[in-house]
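Quick note on labels: first sequence line is chain A, next is B, and so on, each numbered from 1.
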2 protein chains.
Amino acid sequence: MGNSKLYKGSLTTIIMKLLAEHDKMYGYEITQKVKHLTKGELNITEGALYPALHKLEAEGLLDVEVKKVDNRLRKYYKLTESGMKETVNLLTELQQYIQTMQHLVNPKLSLD
Amino acid sequence: MGNSKLYKGSLTTIIMKLLAEHDKMYGYEITQKVKHLTKGELNITEGALYPALHKLEAEGLLDVEVKKVDNRLRKYYKLTESGMKETVNLLTELQQYIQTMQHLVNPKLSLD
DNA sequence: AAATATACATCAATTTCTTATGTATAAAAT
DNA sequence: ATTTTATACATAAGAAATTGATGTATATTT
């Protein structure tokens, strides 16, 4: 994905958040959306994305709906009820992660 | 380490930054420092820490000096020249990561 | 006609981390 | 006096996430 190892572990959070905003998206669309939103900083590879989507579906966090558009196959994913709840958790964890890392990396701004 | 998968990939950054601040530290000291700085949020396990330190040493980013204190062994690690440069890169990458994730997660605050 | 873009997928290998286990000394608690 | 906790290192099997390569197929652009 990114040029930095830090992106390891954040793919699920990214997918879920995009789906929380856009209701339903297909895989390729997600890769393009992320590329544009990050101005090329982050390029999700297919080898990471598709297995991640399949796993989220298997866990019941995503529902899938197959459509044929322009004679090409698309798999539209959307959050389930439980997926919406999990998205809230993931976003909370992201904020917590960022705060913790800021503390560690910028201790001058905290009280230690 | 943390309760969230997001911490995957950040151990090296944490170690290097602590060594940039404290000149020399030993493994156990690092685990305790992180625990205190994060108020228990982040607990680095030995199974993650020691292999990470060995790898950084093998890469020439850390130097090691063994000392016996109170009849117990300690391995003090410190940044090499190249380790200091790499630390700057890692911290830049962390800031970039945080910015990118904020963009993705809080698109309202950005220009898309 | 060839190359690029769209759209899915899988798979071997790599990296990172977890969890368990092991050794050894010192200090604290029962 | 003995057990537990803390200090201090280490490795190793397995899990999980990702990389990078490869494959199929259609549509569009050069």
* Structure fact -> B/Asn89 meets the side-chain contact (heavy atoms from CB on, under 4.5 Å) criterion, sequence neighbours left out, with B/Glu86

* With sugar-phosphate meaning primed atoms plus P, OP1 and OP2, does A/Lys67 contact a base, only sugar-phosphate, or nothing at under 4.0 Å between heavy atoms? -> nothing

* To do: Quick one: list whatever passes salt bridge (charged side-chain N to carboxylate O under 4.0 Å, His left out) with B/Asp70, sequence neighbours left out.
  => none

* Nearest-Å distance, CG (A/Asn3) to P (D/dT18)? -> 15 Å

* To do: With sequence neighbours excluded, tell me which residues meet salt bridge (charged side-chain N to carboxylate O under 4.0 Å, His left out) with B/Lys85.
  => none

* Rounded interatomic separation in angstrom, taking CD1 from B/Ile15 and C1' from C/dC17 -> 12 Å

* Asked: Taking only residues two or more places apart in sequence, or in another chain, which ones meet B/Thr38 in a side-chain hydrogen bond (donor to acceptor under 3.5 Å, both in side chains)?
  -> none

* To do: Grab the CD1-P distance between A/Ile44 and D/dA17 for me, whole Å please.
  => 15 Å

* Asked: Closer to the 5' end of DNA chain D via nearest nucleotide, is it A/Asn71 or A/Leu11?
  -> A/Leu11

* Asked: Under 4.0 angstrom, heavy atoms only, what part of the nucleic acid is A/Thr31 near: base, sugar-phosphate, or nothing?
  -> nothing

* To do: Classify the side-chain pair A/Glu41/A/Tyr7 by whether it contains a donor and acceptor separated by less than 3.5 Å.
  => yes

* Using a cut-off of 4.0 Å on non-hydrogen atoms, how would the nucleic acid contact of A/Ser10 be classed: base, sugar-phosphate, or nothing? -> sugar-phosphate

* State whether A/Lys68 places a side-chain N or O below 4.0 Å from either non-bridging phosphate oxygen (OP1 or OP2) of D/dT26. => no

* Round to a whole Å and report the spacing from CG of B/Leu49 to C1' of C/dT16. => 13 Å

* To do: Give the rounded distance in Å between these two atoms: CG of A/Leu42 and P of D/dA17.
  => 17 Å

* Any side-chain donor near an acceptor of the partner, B/Thr92 and B/Gln96, under 3.5 Å -> no

* **Nearest-Å distance for atom pair OH/P, residues B/Tyr7 and D/dA16** => 21 Å

* Distance in angstrom units between B/Leu56 CG and C/dC17 P, rounded -> 11 Å

* Under 4.0 Å protein heavy-atom contact, by nucleotide of nucleotides 8-15 of chain D - B base, S sugar-phosphate only -> SBBBB---

* To do: Only counting residues at least two apart or in another chain, list the ones meeting side-chain hydrogen bond (donor to acceptor under 3.5 Å, both in side chains) with B/Glu93.
  => none

* Could you check which residues of residues 83-97 of chain B get a heavy atom under 4.0 Å from DNA chain D? Sort them by number, please. => none

* To do: Could you pull out all residues at least two apart from B/Glu21 that satisfy side-chain contact (heavy atoms from CB on, under 4.5 Å)?
  => A/Pro107, B/Lys17, B/Leu18

Anything under 3.5 Å between a donor and an acceptor, one on a side chain of residues 48-68 of chain B, the other on a protein residue two or more places apart or in another chain? List them.
unit_1, atom_1, unit_2, atom_2, d
B/His54, ND1, B/Tyr50, O, 3.3

